[in-house]
Amino acid sequence: MNNLAYKLKEKEREVVQHEIKHVTKKKKVRLPLGEKLIYVTFCGFMLFGSIQFISNQAALYEANANVQKVEEKVKAQKTVNMDLNDQVKELSQYDRILEKAKKLGLEMNADNVKVVSEK
């Protein structure tokens, strides 16, 4: 019996030893210098491209904002021009001109009237 207990203990030690032997350290995979250089270069180009893209988008946004401001100014100026044209039409009516002439002491003489045509 003594011998049997000894054999069981010996088998347990072998099993434990086999389990320990199967556990191996993983080696770190090291990249060669050329591959590292390629990865760094690729990351650099990606960084440069993304920065360039963002700066171009910012420039386009700024240009569009300036265009909208100019369009608003043009619209406001067109409104002012239309108002001034309406004032010119009101002030150049024949009745108003005749009234102003009479206030200044002018008389209407049909012999001195000349027709001027616009070109």
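Predicted, not measured: the structure shown is a model, and the values here were computed from it.
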K.L.:
Would you mind listing every side-chain hydrogen bond (donor to acceptor under 3.5 Å, both in side chains) that reaches into residues 65-84, with sequence neighbours excluded?
P.N.:
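Of all non-adjacent pairs touching residues 65-84, those that pass side-chain hydrogen bond (donor to acceptor under 3.5 Å, both in side chains) are Q77-N81.
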K.L.:
Would the number of heavy atoms belonging to other residues, nucleotides or ligands and lying under 6.0 Å from CD of E35 be above 12?
P.N.:
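Correct, the count exceeds 12.
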K.L.:
Specify the closest pair of heavy atoms between R96 and E90, including all atoms of both residues, with the distance to one decimal.
P.N.:
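Here R96 and E90 meet closest at CD-O, 4.0 Å.
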K.L.:
Measure the CG-CG distance between L60 and N64 for me, rounded to the nearest 0.5 Å.
P.N.:
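So the gap between those two atoms works out to 6.5 Å.
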K.L.:
Does any non-hydrogen side-chain atom of F42 lie less than 4.5 Å from one of M46?
P.N.:
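They are in contact (side-chain heavy atoms under 4.5 Å apart), so the answer is yes.
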K.L.:
To the nearest 0.5 Å, what is the distance between CG (D86) and CG (L91)?
P.N.:
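The distance works out to 11.0 Å.
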K.L.:
For T41 versus L37, what's the shortest heavy-atom pair and its separation?
P.N.:
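For T41 versus L37, the nearest heavy atoms are OG1-O, 2.7 Å.
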K.L.:
So, taking the atom named CD1 in I51 and the one named CG in N56, what distance separates them when rounded to the nearest 0.5 Å?
P.N.:
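I51 CD1 to N56 CG: 12.0 Å, rounded to 0.5 Å.
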K.L.:
Counting only heavy atoms not in L106, do more than 12 sit closer than 6.0 Å to its CG atom?
P.N.:
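Yes, the 6.0 Å shell around CG holds more than 12 heavy atoms from other groups.
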K.L.:
Taking CD in E62 as the centre, count heavy atoms belonging to other residues, nucleotides or ligands within less than 6.0 Å. Is the count above 12?
P.N.:
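No, the 6.0 Å shell around CD holds no more than 12 heavy atoms from other groups.
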